Amino acid sequence: MNMTQIETALQDIFNEPLKDGEQRKIVFWADKDEEFIEEIERLTMDGVKIQTLTDRNQFYLKHLLEEEDLVSSYLIYTNLELGTEDNWLMDTVLYSKTFYADRVSLILSELRIDPSLRATVKKHERFFNNKERFRKFQAYAIESYTEETIELAIMSALCGMRTLDFEAVLRAVLMDTLDDADNKYLSLMERFFDISVFWSYVANHYGYERETKTLKTLFIHLAVTAFSHSVSETYLTSVQDFIAKRGKANALVFVDHWMHHKADFAKFDHYAEMVEQEIQLSSLLQTVPMDEFKQADTFPYIDRAIIIYISNSLMEKLEDYEDYTKLIMLRRAKHFYNNYASVYEALYYTVKMHEFYKEYREGIPQGQAIDVYEAYRKHYYTMDTYYRKFYVAYDQESNHELLKKLKELVEHLYTHWFMGELSSHWSQAVKSGMTTDWSLPGVQQQQRFYSSIVTPHIREGERVFVIISDAMRYEVAVELAERLNSETIGVCEVQTMLGVVPSVTKLGMAALLPHRSIDFDESGRVFVDGKDSAGLENRKKMIESRVEESIAVHFQDVLAMNKTGRRETFKGKKLVYLYHDTIDAMGDKASTEIYTFNAVETALNQLYDLVKIIRDDLSGTNIYITADHGFLYQRDALEESDKISNELRDTVEVKRRYVLSKEKHDIAGQLAIDLSSVIKNEQQLTAYVPNGTIRNRMQGTGVNFVHGGASLQEVVIPLLAFKNKRAGQRGSQAIQKVDIRLTSTLRRVTNSIFNLDFFQTEKVADKTIARTVVIYMADDNGNVLSNEETVIGDRSFDHPADRTFKLQFVLRSMNYDRNKHYYLVIKDTETGVVIDKVPFSINLGIVSDFDF
């Protein structure tokens, strides 16, 4: 303000009307920095007497104002501190008005900062010389100022923070760039603050003390210090200079919060990769035992090291499979898991295949056909699942050199050992007892599906929905049933049927239709009750001929309809056949057979959605899901030894996995199955099926995905019976997530590092599904005070001890009020709902820079 502005402002004050009880105006002009000491001598104001207050005339002015002259208006100019107890005119100041003309005094007055902090404001006056910066500072609405709150507010305002939080300030600075010269926030602090104050805060909070300070070495310091919480410093001598001597807990919490930030984590990940290169983490970890760093979660290379460790162990035939599985499960809750999720998945299923091999390393038992069939249905099918799941993951990272090594292990176990032994034993069992009568005791034949399963519902006047998924083999159906049981309130039972031979679409689809007879004609076409059964329209006519109120539809047509359209289309229909072909459509083409297992994943989602549509839009309660046949698929190219030449002359049809012929011979390497127990067989046909997984040698490609033979993967036909239940209906069971609860009785924290135990209260099973939670300590306002730990509660173990979790928490170094409650928060990550909030007291005594 210039002198003219000051005179105007002062005159306005003296011209204001007197308030009740006020007889005159007394104004104290505080000019702490003596900016107007010369101008005051020349100042004159109408009707106002002007005096100067010094430390020598306080008593005189007090006597003047309160004894000698009680009517005149006065302007009292002073450069003294008016708010001190030594001021003789203190009581007069309190009922008078104080005027400030210098910028610092105006700032102190407007922000209501105690004058004792004048030096702090004066030091940073250049910050306040801007309306926008001043407004940001003022918006923090600080109730009680200290030098620290002023400094923190300035840094927070310069970094665009909404609240006062040095952790957020530092993250904003580091997020911008680690190049000091280009960092916009450092530049702002250098221009409008004191950069040395920023670095002193960094030192006090995080123990970063270096003669030459840079943002790059600061980030390395923070990351390595956080890493040192999980790995003994005995192994970290090469990076000892980057480990904080004090503020270690704060460094860990800082890094943890940044890693868990939903938007900012990507920049952290980028920096972390830089640091692990700088400190040569790959070399460092070579000397560190696995158990020492398996919990660490600061650098992405930690996961790579664990993946390499498990992979090498498998290649070296070390059989600690349970340990490998636990290690993979442990890493799922870690920050960088998603970067390697596909690799971990592939590794997990490689481990599961080795576990299976270990269980049957003495050989898959031989036996009668029914014994081998039942063993496959109950146990062996899991190898098909593991193999499929491996390749679903593999295809996400197919150029990964490590996965190529794992692929060799997987192919050896599945193609050469498992399929070799299983198919050989099954072929022997078939040859011994099923070539003249294609049936198994106690196992329903696929041809009897309609008469045994559908007809009883029709007879009772009940609606029936039949979904036929082309080439959905048994292991895929088991996965679908598990999902339906866990994610819907309905009940899905898994049964099997013995599929027809040859296991081809035209015969399998016919077997599932209502019929009195099924047969091949001279050219290999399949006729049902004397009519051609090929194609959707023909099948639709056959279903309608048996049940008038029926319909057959391709699944894509159903998905394309809206709810109203579906209800209109299926209104009044008692029997509905829905045809689904995602797997077979992909696998049966040479150009796309490599995507077979990805097609299975798509099919599972489609079938799940189809069931929900029938349940929700069409009110269907009786739903059956089955297949026409299964399939064989291997990823590696077949050897010539895996192919066999056709020796038959009089053939009706020749395919990769079967030959139809009227000839009857014993042919080496072939099963000759009389079709009279499968079809009407007026042509007296025999199906010649290569033993095991052998293919017939034919021209052309498309040999890896096949069906038509008699392998278990082709002829164990799944039959899922889904019975919809509505909420509240008898027998219905609501879906609920498992609960994660604190079991430690401790409710008082006396150390900044402490452990707590948690328990998954139920095992994951039908209708009881997994829950993922994040757990941390917080204050009344929800401010996170510790690291955040993730628990994936998806354990299906019966024994409670196998469903426990021990977690370590680290508190920020700060002053905690021992009389206040702090809270352990358990929050569901899917919904964001806090499922438990446990009060704790925190009494750390003197907050130490050292963690024990």
Side-chain angles (χ1 to χ4, degrees), residues 450 453-470 472 477 480-481 483-492 509 512-514 535-586 599-628 719-735 767 769 830-831:
Y450 186 87
I453 303 299
V454 179
T455 297
H457 289 291
I458 300 299
R459 192 181 296 126
E460 295 296 323
E462 298 172 343
R463 295 177 78 197
V464 186
F465 291 82
V466 177
I467 302 172
I468 302 173
S469 181
D470 199 338
M472 179 183 69
L480 176 61
R483 185 174 173 188
L484 288 170
N485 275 326
S486 66
E487 298 180 20
T488 72
I489 62 173
V491 176
C492 190
M509 290 294 186
L512 297 169
L513 291 169
L536 179 61
E537 286 304 314
N538 284 335
R539 294 170 197 156
K540 181 178 178 181
K541 291 175 184 176
M542 292 174 184
I543 294 167
E544 289 175 344
S545 69
R546 185 63 66 95
V547 178
E548 187 174 345
E549 295 105 352
S550 62
I551 189 171
V553 184
H554 192 270
F555 86 102
Q556 289 286 14
D557 295 332
V558 179
L559 296 182
M561 299 174 190
N562 58 27
K563 187 173 183 176
T564 303
R566 290 169 189 147
R567 289 188 169 179
E568 189 62 32
T569 300
F570 297 101
K571 184 178 181 180
K573 303 302 182 185
K574 291 293 186 183
L575 177 60
V576 178
Y577 267 58
L578 300 172
Y579 288 93
H580 175 269
D581 61 355
T582 298
I583 300 171
D584 197 70
M586 189 68 73
V600 169
E601 297 296 308
T602 301
L604 283 166
N605 291 328
Q606 291 170 341
L607 292 168
Y608 178 80
D609 290 342
L610 202 52
V611 171
K612 288 206 301 181
I613 286 170
I614 295 170
R615 181 196 67 185
D616 299 337
D617 294 359
L618 306 178
S619 301
T621 56
N622 302 305
I623 306 170
Y624 293 94
I625 309 165
T626 189
D628 51 347
L719 174 58
L720 305 187
F722 181 82
K723 187 76 172 177
N724 187 36
K725 300 281 186 181
R726 293 181 176 83
Q729 186 178 351
R730 184 178 180 183
S732 69
Q733 187 177 349
I735 299 166
K767 311 306 181 221
I769 61 175
E830 180 191 17
T831 63

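Just so it is clear, the model here is predicted, and its values are computed rather than measured.
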Of the non-hydrogen atoms in Leu484 and Lys767, which two are nearest, and what is the gap between them? O-NZ, 3.9 Å

Heavy atoms only: give me the nearest Leu618-Arg566 pair and the separation to one decimal. CD2-O, 3.6 Å

Could you check Arg483 against Asn605 for side-chain contact (heavy atoms from CB on, under 4.5 Å), going step by step and ending with a plain yes or no? CA-CA 10 Å; Arg483 185 174 173 188; Asn605 291 328; 2.8 Å; yes

Taking all non-hydrogen atoms of both residues, which atom of Leu512 and which atom of Tyr577 are closest, and how far apart? O-OH, 2.7 Å

From Cys492 SG over to Tyr624 OH, what is the distance, rounded to the nearest 0.5 angstrom? 11.0 Å

Testing Leu720, Thr488, Asp616, Ile625 one by one against Val611 for a side chain to side chain contact (heavy atoms under 4.5 Å, CB included), which residue passes? Ile625

So does Ile468 get a backbone contact from the side chain of Thr626, meaning a donor-acceptor N/O pair under 3.5 Å? no

Could you measure the distance from the CZ atom of Phe570 to the CD1 atom of Ile613? Nearest 0.5 Å is fine. 9.5 Å

Hey, is NZ on Lys723 packed in by over 12 heavy atoms from elsewhere, all under 6.0 Å? yes

Side chain of Lys574, backbone of Ile458: donor and acceptor closer than 3.5 Å? no

Please report the interatomic distance CZ(Phe465) to CD1(Ile623), rounded to the nearest 0.5 Å. 7.0 Å

Decide yes or no for Leu513 and Tyr450: does some side-chain heavy atom of the first lie under 4.5 Å from some side-chain heavy atom of the second? no

For a quick test of reading the model, state the closest non-hydrogen atom pair linking Ile735 to Ile489 and the distance between them. CD1-N, 3.9 Å

What verdict does the side-chain contact (heavy atoms from CB on, under 4.5 Å) test give for Val558 and Ile614, after you've listed the backbone C-alpha separation in whole Å, the side-chain angles of each residue and the deciding distance to 0.1 Å? CA-CA 10 Å; Val558 179; Ile614 295 170; over 6 Å; no

Step by step, work out the side-chain contact (heavy atoms from CB on, under 4.5 Å) result for Lys612 and Asp609. CA-CA 5 Å; Lys612 288 206 301 181; Asp609 290 342; 4.1 Å; yes

So, taking the atom named CD in Glu601 and the one named OG1 in Thr582, what distance separates them when rounded to the nearest 0.5 Å? 12.5 Å

What closest approach, in Å, do Asn622 and Arg463 show between heavy atoms, and which atom pair accounts for it? ND2-O, 3.2 Å

Do Val600 and Met586 come close enough that some side-chain heavy atom pair is under 4.5 Å? no

Is NZ or CZ of Arg539 both nearer than 6.0 Å to the six-membered ring centre of Tyr579 and within 45° of the ring axis? yes

In Å, rounded to the nearest 0.5 Å, how long is the span from CG of Asp581 to CD of Gln556? 8.0 Å

Restricting to non-hydrogen atoms, name the atom on His580 and the atom on Ala603 that form the minimum distance, rounded to 0.1 Å. CE1-CB, 3.5 Å

Which value, rounded to the nearest 0.5 Å, describes the distance between Leu607 atom CG and Phe722 atom CZ? 13.0 Å

